[in-house]
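What follows is one structure encoded as structure tokens, with my remarks underneath.
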Amino acid sequence: MTVAVASLVIAGVVAYSQVKQGQDTKKAYYAQAKYKELEGRVEAVKAKEQGTKALEATRRALASVNATAFAGGLEPTIGTPNNIAINDVIKPGTTDFFKARTNAKLALSSAKAQAEDLRFAGRQAKKQGYIQALGTLASAGMNYASLGGPGTTPTTSYTGTTYSRYTTPRMTYGGTG
């Protein structure tokens with residue numbers, strides 16, 4: 001095996017490994033993207049649980065206001081007990097619930113965006129692997145030609161006389177020269 005052929009074989013192996021590395025990197029990025037989406041879902045569930053807890057706490061506090069009002073002989077739906085229930089219990093509780101719901105949506109959308117970024121990086125890594133392999137093969141072809149591959153030796157040669165304006169053909173007639 002000549003040096004030129006050996007360099008082509010080595011370049012082929014290197015090019016294959018570059019393509020394979022690009023594909024493996026893409027798979028790794030896609031796995032990270034799935035994990036990010038899963039993390040986003042987990043965060044969304046946590047946020048929803050916080051919202052549910054806020055509503056439960058609101059319900060308990062409202063029940064306490066109503067029970068206190070009844071125990072004091074007051075009507076809980078009018079006057080001061082009603083103002084306390086609305087301003088000090090219901091408004092903060094619903095605000096906490098809606099913040100938690102918004103946080104859940106943000107967690108999902110953020111995770112989705114990060115996952116898309118990772119998938120894009122994976123596609124780019126795969127393309128980069130192919131580009132590197134192409135460059136390696138092109139470089140190997142150039143080296144092969146410079147080491148005496150079939151592209152450098154002429155298959156036909158011209159043995160005739162070349163003329164230019166500075167040379168004149170010297171021809172003799174009649175055998176004297």
Side-chain angles (χ1 to χ4, degrees), residues 1-66 84-157:
M1 183 182 309
T2 66
V3 174
V5 173
S7 71
L8 279 181
V9 170
I10 291 170
V13 171
V14 169
Y16 173 77
S17 69
Q18 288 170 333
V19 169
K20 184 73 172 137
Q21 181 182 8
Q23 291 170 342
D24 291 344
T25 304
K26 178 186 174 186
K27 286 179 185 178
Y29 276 122
Y30 271 58
Q32 288 178 11
K34 279 187 173 185
Y35 183 74
K36 279 293 180 189
E37 287 177 337
L38 182 62
E39 276 183 342
R41 285 189 218 131
V42 168
E43 290 300 317
V45 168
K46 286 180 183 178
K48 286 180 182 180
E49 287 175 356
Q50 288 175 347
T52 303
K53 287 178 183 178
L55 287 180
E56 287 174 359
T58 301
R59 185 184 55 80
R60 281 192 209 104
L62 192 56
S64 174
V65 167
N66 288 340
I84 291 172
I86 291 173
N87 295 326
D88 295 341
V89 177
I90 294 175
K91 284 184 181 179
T94 55
T95 300
D96 290 345
F97 170 75
F98 287 119
K99 282 182 184 177
R101 191 169 74 172
T102 301
N103 288 342
K105 289 179 183 179
L106 287 174
L108 287 174
S109 65
S110 174
K112 183 179 178 181
Q114 289 175 354
E116 281 302 313
D117 288 346
L118 289 168
R119 285 189 194 98
F120 178 76
R123 289 189 299 272
Q124 291 301 106
K126 184 178 177 182
K127 286 179 188 177
Q128 188 64 29
Y130 282 115
I131 290 169
Q132 287 175 345
L134 181 63
T136 298
L137 292 176
S139 175
M142 298 300 282
N143 287 341
Y144 182 67
S146 70
L147 290 174
T152 59
T153 54
T155 56
T156 60
S157 64

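Starting from 1, each residue takes its place in the sequence as its number. Heavy atoms only: backbone and side chains are in, while hydrogens, waters and symmetry mates are out.
- Between T58 and G93, the closest heavy-atom pair is OG1-CA, 2.9 Å.
- Residues I86 and K91 form a side-chain contact, since some pair of their non-hydrogen atoms from C-beta on lies under 4.5 Å apart.
- Other residues, nucleotides and ligands contribute more than 12 heavy atoms inside 6.0 Å of the CZ atom of F97.
- By the 4.0 Å N-to-carboxylate-O rule, K34 lies too far from E37 to be salt-bridged with it.
- With respect to K46 and E43, a salt bridge is recorded, a charged nitrogen being found less than 4.0 Å from a carboxylate O.
- Put simply, OG1 on T94 and NZ on K99 are 10.5 Å apart, with the number rounded to the nearest 0.5 Å.
- Looking at S110, its side chain never comes within 3.5 Å of a backbone N or O of A107 through a donor-acceptor pair.
- By the side-chain contact (heavy atoms from CB on, under 4.5 Å) test, L62 is found to be paired with N66, A85, V89, I90, residues two or more places apart in sequence or in another chain being considered.
- A100 and A47 get closest at one heavy-atom pair: CB-O, 3.2 Å.
- Residue Y35 holds its OH atom at 10.5 Å from CD of Q32, rounded to the nearest 0.5 Å.
- Legend: residues meeting side-chain contact (heavy atoms from CB on, under 4.5 Å) with L108, ordered by chain and number and at least two apart, are R41, A44.
- Of all heavy-atom pairs between A54 and D96, the closest is CB-CB, 3.7 Å.
- Without hydrogens or angle criteria, T102 side chain to F98 main chain gives a donor-acceptor distance under 3.5 Å.
- Separation of atoms CD (Q132) and CG (L134) is listed at 11.0 Å; rounding is to 0.5 Å.
- Figure legend: cation-pi geometry between K26 and Y30, with NZ or CZ positioned under 6.0 Å from the six-membered ring centre and within 45° of its axis.
- Residues that satisfy the side-chain contact (heavy atoms from CB on, under 4.5 Å) test with L8, not counting sequence neighbours, are A140, Y144.
- A distance of 7.0 Å separates CD of Q50 from CG of N103, quoted to the nearest 0.5 Å.
- Within the model, atoms NZ of K20 and OG1 of T25 stand 10.5 Å from one another, a figure rounded to the nearest 0.5 Å.
- Rounded to the nearest 0.5 angstrom, L118 CG and R123 CZ are separated by 10.5 Å.
- Judged purely by atom type and a 3.5 angstrom limit, S64 has no side-chain atom pairing as donor or acceptor with the backbone of R60.
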(Q) Test salt bridge (Lys or Arg N to Asp or Glu O under 4.0 Å) on E116 and R119; report intermediate values, then the result. (A) CA-CA 5 Å; E116 281 302 313; R119 285 189 194 98; 3.0 Å; yes
